[in-house]
Structures are given as structure tokens and as C-alpha cells.
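Below, chains carry the letters A, B, ... as their sequence lines are ordered, and counting in each starts from 1.
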Amino acid sequence: MPATLPRNDDLAEQLELLADLSEILGEESFRVLAYRRAAARIRETPGPVAELALAGKARELPGIGRTIEQKVVEAVQEGEMRALSKRRALVPPGVVDFLRLPGVGPKTAARIWTELGITTLEGLEAAARERRLRNLSGLGPRSEEKILAALAEGAGRRAPAEERALLGRALPAVQRVVEELAAHPAAIAVSEAGSVRRRRETVRDLDLVATSNEPRALIAAFCEAPWVAEIVARGETKATIVDHQGLRFDLRVVAPECFGNVLQHFTGSKEHNVALREEAQRRGLSISEYGVTIVDTGEVVTHASEEELYTYLGYQPIPPELRENAGELEAARRGELPALVELGDLRGELHAHSTWSADGKATIEELARAAKARGLSYLCVTDHSHYLRDGRLEAQWEEIESLEARLGRFRVLRGVEVNIRADGSLDLGDDVLSELDWVVASLHSALDRNPTERVLAAMDNPHVDCIGHLTGRRLLRRPGADIDIERVVERAVETGTALEINSQPDRLDLRDVHARLAGEAGVRIPVTSDAHSTSALAYAELGIAVARRAWLTREQVLNTRPWSHIARPRRR
DNA sequence: TCTAACGCTAGATAACCAACATGTTGGTT
């Protein structure tokens, strides 16, 4: 058996390839569906599925049964699932790449291979150039052109990198557009929808749903707004535009009586909707974006709001952030949804950088006043440790002390963000750490060198209060350290160490599924901005979104408490 | 292939548009 277990994304890739090959071979579509669902489930599981499978526990995950669990075990023991090896031997390797070309699905890919004998992208390109593809019924000149254009852009060789935007960039843009459309006289109600409404960490298209008695006027206002750079599509009731930032907006205008149905449909997620509809099917109801059909009678019931729709179906209204088919439907059925934490619940900031850090843009006083203006009652200054050597830490404490008198009822706390070195040691000594109110320890470099062990070592230091941005990922740029989240959570509980949700738009680290795991285990979780300027304190909204996606309540988020309930006795 | 129901079997989300070509593909949640 190999020393290292395959990662969840390796397993998911094998299942996805198995699904593609099975589809090309014309196997049962539901088996293909099952492979794809299992792949998605494995990708979203925080702990190592390979380990679960070895223990016979992978089948406890929804969508994974005896057979797929066995395939995972094979992947562990033999490197590859047997079903996959078998099908790979049947289909030339290049044929799978055809699926990523526009206009080519499994049936067409199979026919290109079996009827034209083409098995590589190069061969396909030559055939398209020589106008031989059009000999295949179902393909014509347009298809040849599109395939050539896609090949010229390098499609097929790798899945095209989706153009995604950070939530931190998309959210303010969407909120602005919603506000603008809502103010239009033709608008009755306007709402964000889609993944941005669910507060996914990155988003692609930005969905909007509106009701109006004059759809045309609202569509016109949308398409002719000054911030629109390009109108991609414009119809009677829907339109797609791209703004000057390159963000793509979809607007749908519908009648008020079915606003709830449409909004629910377009908020998704797809997985949530599938599960919702499957369950409804069992009870004789058919759900679509147009309403709920009672199958026996054919009667269609519509809902003006999502609350009415969920209530009609027998659920508590489900907050958009939870709609990922991750247990929310079952909980809502039982009436056991958590009361999710809100931005207004935050009482203090536990991770912020001032001009004492080279990259900080605001003084401690500016940060403190901005935090106070946001309704907070304390701010912990956590500048980087390496800027605070040689007596500068003591100098900073003097500044904090002189400041407190001027700020009135607001506390500024002495903190630091220490670096966890490659060998797991911290870059400040215990003598200094023991003097501080709050110590954040973070990985900043050598993310591939034993990251889990280093984090565990940092947590074992009694002076460390919190681990900063656990994996060190930068969204859309680098994946972050491969941290064993379950071991870290376990140690965090044992040692009482907090794990922050860092709200920087490109971090959001802990990520949602990790934060949920930590929350369930009882870890103390602060939502922090990691601000380097006064305006960046507002990033807390993004961290709260992650916390909500992690099912966290106010009680589970540490800095919803006053400082007196957080502070640990210090040996001063 | 999974799940729920009950030992083998049924059902698997829904509905639209659009393109290219006359059904398949792709895109949307």
C-alpha cells in the first residue's frame, strides 16, 4: 500500500474520468450520474475519504454506497480504480478530451472516434480543417468552425479556467446594482440571487431577480445604465450585461405572484434544488421555477416569497448561505435550523495591522476610532512580530496606553501575529508572548513543509491564543497548505486554541466546511478582518458570510463576546 | 450506482432557450 493516501481531489478526478469514459461507452446514464455525484461529494468532504473507505465508513456519506466505497479502496491499494483502468483500455486517451470542445458531447465524441477513426485533438483539428467532420451527420460547417476556434484557444487540453471573481469584489457591485434597480419606478421588488446571494467565496455570473409590471422598462434601465460596458443578451424579460470591471450580470424580471418560486430557483444551489425537488416528488409535488404542481390534480401553486414557499413545502425558511444540500433540508424539516450569527453581533476585532507593520496604512488610533465607529468595543492590534523586535513592542505598548485615555469607552489590546517557522517554532520567545493580551500564530512561508505538524506545535504553546488563516491559501492564486483539519480541530479543542475565520477577500480561511467542522467540535472561532487599513475593517462582512455558511451561531463566534469574557489570565 | 423500501425493484429535478442541424448539445439554478 502506498505510504500516502490519495487526496479527495485525486479520488474525485478518477470518478469524473470514469463517468466521462462510461458516458462515451454509452453506459447507463444513472450510473454516470452516480459517479459524478459521488465525485462532488468527495470533493466537498473535509476529511480524507480514502481513510474513511479503508475503515468501511465512506458509505456513510450520502451518494456513496458499497460499490463506490470499494472503488475508493482500490484507488488506495492499487493507485487506480479497476473500473477506470478497464475503461481506459477501451477508449483511446485523447477521446475524453473531445468532451471539452463546444458542441461535442459523449455521443458525438464516440462517433468521431468510431466512425471517423479520430483519437487525438491533433487528428480532430486536421479533420476539421479538411472539412471532413461535416461528413458525420449531426455535425456541419458551423461545428467545424467552433471546434477549430476552441482548439486555437487551447480548449480541450485542459478544462478552461473559469473566470471567477472574489466575493469581496462581486458583493459590493451586486449590492449597488440591486439598490439602483430597486429605486427605479418600474420595480416592485429586486433581489440578488445565485451564488453571490449564497455568499460563495468566489462567483462567476451575478444573478438578479426582479418583479415589475413593466418588465421592458426595467430591462431598459438595466441595459442602459452608465456602468454597462457590453450588452450580451437582451430579451423581453431577461438580459445579460458585462460591467466595466468585467463582472457579468443576469437580470430576470417576473410577475410578483411567483417571485418566491423564481427567487428560490435562481438562488440555488443546484444541489439544494435537486434534493428539494426529489423530496417533493416523493410527496406528489413537482417543483419548478414557475410554481409547485400538485401532481394528482395538476394544480399549480405559486408563492410571492421564499418564506411562503418553504413553509408550504413543510420546511423552516432556509437562509441562502445554507442551501448547499449539506443537511439543511433535513434540519429545516425538523425545525432545527441554527440562528445564524450576524454582522451586528460582533463586539470586537481580534486581528488588525497598524503602521507598525510595514504594510499597514492606518495608525493604531485611526484603526481604533474606525472600529469604534463600526460599533465595536475593543480592537486588538496584532502587528507582525518581525517589525516589533529590539524594544519596538514595548514602544507600541506605550502608544496604546497613552491612546486609551483619549478613546473613552473603548479598549485597545496588545496583540501580535507571530510567524510559525518552517521548523514549527515561533519567531518570538515565550517571555515576550506571555506579556501579551492575544497572540495569533500563522503560517506565512514553506506551506508545503509539514504544515499540520507546525500548526499543532504552535497550538501546544500555552501563549498562543489563536491560529491565523489556517491554510494560508490565496483564492484564485494558490491552494494553500494541505492541512489535516481533523487533527487541528481536535488539538484546538484540547488546548483551547481559537481558529480564526480570516475575512480578507482572497483568504476566507478557515473556509466554510472547515469552520463548520470546527464549530461542531466546539472550537472558539473569532471572525477577524486582518485589516491593514481602516476601510478593511468592513471585510468582516465576508467572514460573517463564511461563518453563516458554516452554520455558526452568535454563541460560537468568539468575538461576539465582550473582551472580559475572552481574556485569559496573564502572568504579567 | 445509490436510496428507499423490503427483497427484488423502481426512480433518479425541472423547464426553458438557443444553436446547429433535424436530435444532440450546452447553458441556467
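- Going from the C1' atom of dC2(B) to that of dC6(B) covers 16 Å, rounded to whole Å.
- With both ends at atom C1', the span from dA12(B) to dA19(B) equals 28 Å, rounded to whole Å.
- The salt bridge (charged side-chain N to carboxylate O under 4.0 Å, His left out) check on Glu230(A) picks up nothing, with sequence neighbours excluded.
- Here the separation of dA18(B) from dG11(B), taken at their P atoms, is 33 Å to the nearest Å.
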Pairs: protein N or O with nucleotides 26-29 of chain B N or O, under 3.5 Å:
unit_1  : atom_1 : unit_2    : atom_2 : d
dG26(B) : OP1    : Leu101(A) : O      : 3.4
dG26(B) : OP1    : Val104(A) : N      : 3.4
dG26(B) : OP1    : Val104(A) : O      : 2.6
dT28(B) : OP1    : Asp205(A) : OD2    : 3.2
dT28(B) : OP2    : Arg204(A) : NH2    : 3.1
dT29(B) : O3'    : Thr267(A) : O      : 3.4
dT29(B) : O3'    : Gly268(A) : N      : 3.4
dT29(B) : O2     : His265(A) : ND1    : 3.4
dT29(B) : O2     : His265(A) : NE2    : 2.9

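- Between the side chain of Arg516(A) and the backbone N or O of Arg549(A) there is no donor-acceptor pair closer than 3.5 Å.
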Within the sub-3.5 Å range, which N or O atoms of nucleotides 19-21 of chain B have a protein N or O partner, and how far apart are they?
unit_1  : atom_1 : unit_2    : atom_2 : d
dC20(B) : OP1    : Arg142(A) : NE     : 2.2
dC20(B) : OP1    : Arg142(A) : NH2    : 2.5
dA21(B) : OP1    : Gly140(A) : N      : 2.3
dA21(B) : OP1    : Gly140(A) : O      : 3.3
dA21(B) : OP1    : Ser143(A) : OG     : 3.3

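- In this structure, the side chain to side chain donor-acceptor pair (under 3.5 Å) partners of Glu27(A), at least two apart in sequence or on a different chain, are Arg87(A).
- dA12(B) has Phe30(A) stacked on its base ring, the centres lying under 5.5 angstrom apart and the planes within 30 degrees of parallel.
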Pairing annotation in dot-bracket form, given for DNA chain B with Watson-Crick or G-U pairs under 3.5 Å and | for cross-strand partners: ((((....)))).(((((((..)))))))

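- Arg473(A) places a side-chain N or O within donor-acceptor distance of the main-chain N or O of Arg507(A), the cut-off being under 3.5 Å.
- OP1 and OP2 of dA12(B) both lie 4.0 Å or more from every side-chain N or O belonging to Ser29(A).
- In this structure, CD1 of Ile287(A) is placed 11 Å from P of dA15(B), rounded to the nearest angstrom.
- Remark: the Asp509(A) side chain and the Thr471(A) side chain contain an N/O donor-acceptor pair separated by less than 3.5 Å.
- For the pair Pro62(A) and Leu33(A), nearest-nucleotide mapping onto DNA chain B gives the more 5' position to Pro62(A).
- The gap from the C1' atom of dA21(B) to that of dG26(B) amounts to 15 Å, rounded to the nearest Å.
- With 3.5 Å as the limit, one finds no donor-acceptor pair spanning the side chains of Tyr315(A) and Glu328(A).
- With values rounded to the nearest 0.5 angstrom, Ile68(A) atom CD1 is found 8.5 Å from Met81(A) atom CE.
- Listed by chain and number, the residues in a side chain to side chain donor-acceptor pair (under 3.5 Å) with Arg41(A) amount to none (sequence neighbours excluded).
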